[in-house]
Amino acid sequence: MSTELTMETLTSLLKRRGFVYPASEIYGGINGFYDYGPLGVELRQNIKNVWWKEMVHQRDDVVGLDSTIIQSAKVWKASGHLDNFTDPLVDCKESKMRYRADQLFFANVQVDGNSIGYVSAQECADTEAELVKKALELKRKAGVQGELDSLEIKEFTEATEDEVALVPSPATGKPGSLTPPRAFNMMFQTYVGALANDSSKTYLRPETAQGIFTNFKNVVDSTRVKLPFGIAQIGKAFRNEITPRNFIFRSREFEQMEIEYFIPGDDDIWPKMHREWIDNCLEWLHGIGIPKDRLGEDVHPKEKLSHYSRATTDITFDFPFGRQELWGIAARGNFDLTQHQEHSGKTLEYFDEARKERYIPHVIEPSVGVDRTLLAVLCSAYSEDEIGGEKRTLMRFHPKIAPITAAVFPLVKNKPELVELTKKLHRKLQRRWNVFYDQSGAIGRRYRRMDEVGTPFCITVDFDSLEDGTFTVRDRDTTEQKRMTEAEIIAHIDDRING
RNA sequence: GCGGGCAUAGUAUAGUGGUAAUACGUGAGCUUCCCAAGCUUGAAUCGUCGGUUCGAUCCCGUCUGCCCGCACCA
């Protein structure tokens, strides 16, 4: 009985039960950052561990890597991030349009040497023709006779203060609504060493992928991998988003789980590999408890692809705030390795023994955010039902990612022999899983506490346990109870986790 | 970044120019033989800074954060 979930309901539960808190909260918070509490960190670790286990350990063709957050600034120059992130932007205050200043052009319109105003246009197939068209229009409206002088076209990055005030917005045609160009650098900047100058300047990585590319040769030379093979990495990345929104969906500090899967460049290979990875990723998401009917595929249209990308498919999830990207699976060609080979001057070619051929491999790049996955898991797990007329809130986490795997309770707390036996059982089960002990409150209350944090198994020790060594195992989703011995409990939980 | 709304315990909310409350939750104790029972008792709140005022949680301004639109999201 899942109910329409709002983000308000979810975030208050996550705060109340210790999953997610706003970062720096006692100082008023900091926009775009979130901290994970005692239960959040467990869930997060479990998601990462399952991913690593299934994407790295259980495959023979993927190896792991952990590269640094801060790397040489040259890495970001080569990858293109530096140039793409430092472009100044211009806002039109009236139409709310935003332009890249280096793609916005303007010209002073003069008739027989006399200025009659300015025209502007966004970069297009024939920007000059567009500007001339607008200039003639301006001349006609102004009712000025005479010959239009040839236009001196300038980039908006070169606009003087006076010109900024006079150049019309391409959207509205009216002057005065454009802001001066402002730099929006999406990369967090920092300095390495004691001196803060241009040569010590570098950036926190905006994606983990580049650390994989820069270590490609190291991995090939040290591990006997053969194409096709992948390098996987889980790690933090940082983007100074203009507007972080939607809770942990788009934050400024986040964690990615990425694989660069290296393949030969042949045209008939990548589409097949691309499709295999999409299916593989969908299957993984389903395996951690995300229902297939909330997942979708968004194929990027050709004209929207980056020039180096051959195809990109996003796996989407239906969040309470809409259908959004969860996992991008890109066929990136060999752009990145080629860039790093050019900029570093080191060969990043791979020698294919089977083919007796040397080439720069292409890649399939499945890239997913830990925090987005966690949010999708939370949204999927949340549900409400009724037990004996009472409303119940529960998180239906898959047992393999539940923050607490099992809880143990003495039926009553004022009988020392029950408490003692329960604690003994607790210590034994803790060796395998995160197991929680609780003796406070009526047994029903303790069950509900565990329901709300998604603990799949509750084990109650009663007076029969003292006699026959069996315990009541209560199932979170069905509330059904079964008596089992300790050995049976271990087998049962193992089975539910792996089954 | 723009426009609008909001900010009171852990959560959800009430309320007041003379420093505050209800519910749930939570600590301690009693009770309790399986689904938020009961009793006793405790802790805990007006986002920040400034102004007006004898006095501000309340009025005004600033900042910060949150929500909704727009724009942005290599």
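What's counted below: heavy atoms across the whole structure, side chains too, no hydrogens, waters or symmetry copies. Here is how names work: the chains are called A, B, and so on, in the same order as the sequence lines, proteins then strands, and each is numbered from 1.
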Nearest-Å distance for atom pair CD/P, residues A/Glu390 and B/A37: 8 Å
Sugar-phosphate, base or nothing in reach of A/Asp464, heavy atoms under 4.0 Å: nothing
Presence of salt bridge, A/Arg474 and A/Glu480, under 4.0 angstrom: no
hbond_proxy A/Thr243 side chain to B/C72 base (donor-acceptor, 3.5 Å cutoff): no
SB check A/Arg476 A/Glu452 (cutoff 4.0 Å): no
A/Asn31 side-chain N/O to B/U64 phosphate OP1/OP2 under 4.0 Å: no
Salt bridge A/Asp318-A/Arg323, side-chain N to carboxylate O under 4.0 Å: yes
A/Asp438 bridged to A/Arg445 by N-O distance under 4.0 Å: no
Phosphate-side-chain proximity, A/Arg445 and B/U26, N/O vs OP1/OP2 below 4.0 Å: yes
P spacing across the pair B/A44 / B/U22, given as an integer number of angstrom: 15 Å
Options B/C35, B/C33, B/G27, nucleotide nearest the side-chain atoms of A/Phe463: B/C33
Proximity to the side chain of A/Val412 - top-ranked nucleotide from B/C35, B/U32, B/A74: B/U32
For atom CZ of A/Phe409 and atom C1' of B/A36, their distance in whole Å: 12 Å
Short side-chain N/O contact to B/C66 OP1/OP2 from A/Tyr34, under 4.0 Å: yes
A/Lys428 bridged to A/Glu486 by N-O distance under 4.0 Å: yes
Side chain of A/His81 - closest among B/A74, B/C34, B/U11: B/A74
Touch class at under 4.0 angstrom, heavy-atom based, for A/Arg474 against every strand present: base
Distance-only polar pair, side chains of A/Tyr36 and A/Asp371, donor-acceptor under 3.5 Å: yes
Separation between the C1' atoms of B/C72 and B/G17, rounded to whole Å: 44 Å
Most 5' of A/Gly29 and A/Ser12 on RNA chain B, judged by nearest nucleotide: A/Ser12
Sugar-phosphate, base or nothing in reach of A/Thr479, heavy atoms under 4.0 Å: base
Atom-to-atom span, CG of A/Asn240 to C1' of B/G1 - whole angstrom: 13 Å
Ion pair A/Arg446/A/Asp451, N-O distance below 4.0 Å: no
Distance in angstrom units between A/Glu8 CD and B/C68 P, rounded: 7 Å
C1' atoms of B/G4 and B/A71, separation to the nearest Å: 16 Å
5′-ward residue of the pair A/Leu13/A/Pro244 relative to RNA chain B: A/Leu13
Between C1' of B/C34 and CD1 of A/Ile443, the distance in whole Å: 6 Å
Integer angstrom distance from the P of B/G51 to that of B/G10: 28 Å
Protein-nucleotide distance (A/Arg16, atom CZ; B/A9, atom P), rounded to Å: 15 Å
Side chain of A/Thr472 - closest among B/C33, B/C34, B/U32: B/C34
Whole-angstrom distance between B/G65 and B/G47, as gauged at atom P: 16 Å
Whole-Å distance separating the CD1 atom of A/Ile387 from the C1' atom of B/C34: 12 Å
Check: A/Arg245 side chain, B/G69 base, donor-acceptor under 3.5 Å: yes
Duplex segments of RNA chain B, taken as runs of at least three Watson-Crick or G-U pairs that stay under 3.5 Å: B:1-7 with B:64-70, B:10-13 with B:21-24, B:26-30 with B:38-42, B:49-51 with B:59-61
Atom pair distance, as rounded to whole Å: CZ in A/Arg392 and C1' in B/A36: 12 Å
A/Lys15 side-chain N/O to B/G10 phosphate OP1/OP2 under 4.0 Å: no
Mutual orientation of the aromatic rings belonging to A/Phe188 and A/Phe238 [parallel < 30°, tilted 30-60°, perpendicular > 60°]: perpendicular
Under 4.0 angstrom between A/Arg449 side-chain N/O and B/A36 OP1 or OP2: no
Inter-nucleotide P distance (B/A36, B/A21), Å rounded: 31 Å
Salt-bridge criterion met for A/Arg275 and A/Glu297 (N-O under 4.0 Å): yes
Among B/C33, B/A74, B/A36, the one nearest A/Arg448 by side-chain distance: B/A36
Pairwise P distance for B/A14 and B/A23, with rounding to whole Å: 16 Å
Residues A/Glu365, A/Arg332: salt bridge by 4.0 Å N-O rule: yes
Under 3.5 Å donor-acceptor pair, A/Asp462 side-chain atoms to B/C33 base atoms: no
Touch class at under 4.0 angstrom, heavy-atom based, for A/Glu207 against every strand present: base
Euclidean distance for P, B/G5 against B/A74 (whole angstrom): 32 Å
